[in-house]
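Reading through the structure tokens given below for one structure.
Quick note: numbers below take in every heavy atom, side chains included, and nothing from hydrogens, waters or symmetry partners. Please read all numbers here as calculations on a predicted model, not as lab measurements.
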2 protein chains.
Amino acid sequence: MIEEKFKLENQLCFRLYTASRLLTQAYHPLLGEHGLTYPQYLVLLVLWEKDAQPVNDIAKRLLLETNTVTPLLKRMEAEGIVTRSKGKEDARQMIVRLTKKGHDLQKKLTDVPDTVGNAVICENVTPETVPGLFGMLDDIIKQLKQ
Amino acid sequence: MIEEKFKLENQLCFRLYTASRLLTQAYHPLLGEHGLTYPQYLVLLVLWEKDAQPVNDIAKRLLLETNTVTPLLKRMEAEGIVTRSKGKEDARQMIVRLTKKGHDLQKKLTDVPDTVGNAVICENVTPETVPGLFGMLDDIIKQLKQ
DNA sequence: GTTGTTTATATCGTTCACGATGCAAATGTA
DNA sequence: TACATTTGCATCGTGAACGATATAAACAAC
């Protein structure tokens, strides 16, 4: 008999991993239409809030390493969504800026948040319960960031 | 001014994605000690519950595609953790079985669930609130599976 | 100023994820 | 039995993630 602690049903991580994957998949057709991946969409969210950021600030905001973000940004540069240029004050930095195409994508993706948001609404996940879910996930993230 | 719906702080998916990544990272040192990755650990959880399963059953249980699971299992086979052999009733199936090494890993990993479990305990995430979190995540998963 | 350290980014290798496609075994139908 | 379809798995290509390492610029100490 398998111990309770090893049952898949008792694993928080498996739930987070699965929910994250499935929700990312829900974004896929909406973003793919515009040649974007989900992590690239996250970079856009960061740059729409504040344009012209160094790689490090983007990575820190997304809690990713630069070795993940750098290739991702180079692909976005190749797609003409962002530009990357050396910082003037600090020549080590690479400043990432939205192109017109990158900026304009916001209008084209205007329906994405609500479409995905509506896709998860169900019995126990409603506008009333989501804040509580956010709180717990934020707590987990804060805790694991140390 | 950026719209509310595009703010990173209002995204469920980003929270799930980040929490999943960070929690998986918490497993990394514990599993890496035994030459395992997190997805490989998930396969072990499935096989410890029930040995000798075809690739498809493992993939379905983890909500993954076989094209993800097949290479993963081949790596585990190369590590001597599982064997893969053609099914006798249905020659299309590949039956995956734990080796002694794979079976014995359970004892060696006995502390992993509690160690990781304790790492997430914090103010809003306690033995009392976790069932509610499980319920919401299960709801999201169920909803997105269609 | 020379040297040592830190910081910002990039490169490399490995392992997922996953869409698209291929192939052989099983199944269904005429 | 013949042929089409479905099923189970594998292969291929691309894009993340991430540990390890490299490189150049900035900074610090002497």
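For A:Asn56, counting side-chain heavy atoms from C-beta on, the closest listed nucleotide (C:dA8, C:dA10, D:dC9) is C:dA8. Side chain of A:Arg21, nearest nucleotide from D:dA17, C:dC18, C:dA10: C:dC18. For A:Thr66, whose side chain is taken as the heavy atoms from C-beta onward, the closest listed nucleotide among C:dA10, D:dC9, C:dC18 is C:dA10. With distances taken from any side-chain atom of B:Tyr17 to the nucleotides D:dC9, C:dT9, D:dA17, the minimum falls on D:dA17.
If you check every strand for non-hydrogen atoms under 4.0 Å, A:Pro54 touches sugar and phosphate atoms only. Residue contacts shown for A:Glu65 are absent, as no nucleic acid heavy atom lies under 4.0 Å away.
Between the side chain of A:Thr66 and the backbone N or O of A:Asn56 there is no donor-acceptor pair closer than 3.5 Å. Between the A:Lys145 side chain and the B:Leu22 main chain, no donor and acceptor come within less than 3.5 Å of each other.
Atom P of nucleotide C:dT15 and atom CE of B:Met76 are separated by 13 Å, given to the nearest angstrom. The interatomic distance linking B:Arg75 (CZ) with D:dA10 (C1') rounds to 13 Å, in whole Å. Straight-line distance from the CG atom of A:Leu144 to the P atom of D:dC18: 12 Å, rounded to whole Å. A straight line from NZ of B:Lys60 to C1' of D:dC9 spans 12 Å, rounded to a whole angstrom. When the C1' atom of D:dA17 is taken as reference, atom CG of A:Leu16 falls 17 Å away, rounded to whole Å. When the C1' atom of C:dT15 is taken as reference, atom CD1 of B:Ile81 falls 14 Å away, rounded to whole Å. Atom NE2 in A:His28 sits about 12 Å away from atom C1' in C:dA20, given to the nearest Å. Look at CG on B:Leu62: it is 13 Å from C1' on C:dA17, rounded to the nearest Å.
For a distance-only test at 3.5 Å, the side chain of A:Arg92 fails to qualify as a donor-acceptor partner of the base of C:dT9. Looking at B:Asn67, its side chain comes within 3.5 Å of the base of C:dG19 through a donor and an acceptor atom.
Ring geometry, A:Trp48 versus B:Phe6: the interplanar angle exceeds 60°, so the pair is classed perpendicular (tilted spans 30 to 60°). Using bins of under 30°, 30° to 60° and over 60° for the plane-to-plane angle, the ring pair A:Tyr38/B:Tyr17 lands in the perpendicular bin.
Nearest-nucleotide mapping onto DNA chain D: of B:Leu73 and B:Leu22, the residue sitting toward the 5' end is B:Leu73. Of the two residues near DNA chain C, A:Asp90 and A:Thr68, the one whose nearest nucleotide lies more 5' is A:Asp90. When the nearest nucleotides of DNA chain C are assigned to A:Val55 and B:Lys86 by heavy-atom distance, the more 5′-ward of the two goes with A:Val55. Nearer the 5' end of DNA chain D, as judged by each residue's closest nucleotide, is the contact made by B:Thr70, out of B:Thr70 and A:Glu79.
Look at A:Gln25 and you won't find any side-chain N or O under 4.0 angstrom from OP1 or OP2 of C:dA17. A sub-4.0 Å separation between OP1 or OP2 of D:dA17 and a side-chain N or O of B:Thr24 is absent.
A distance of 10.5 Å separates NZ of B:Lys7 from CD of B:Glu3, quoted to the nearest 0.5 Å.
The side chain to side chain contact (heavy atoms under 4.5 Å, CB included) test with B:Val55 singles out one residue from B:Leu73, B:Ile95, B:Leu72, and that residue is B:Leu73.
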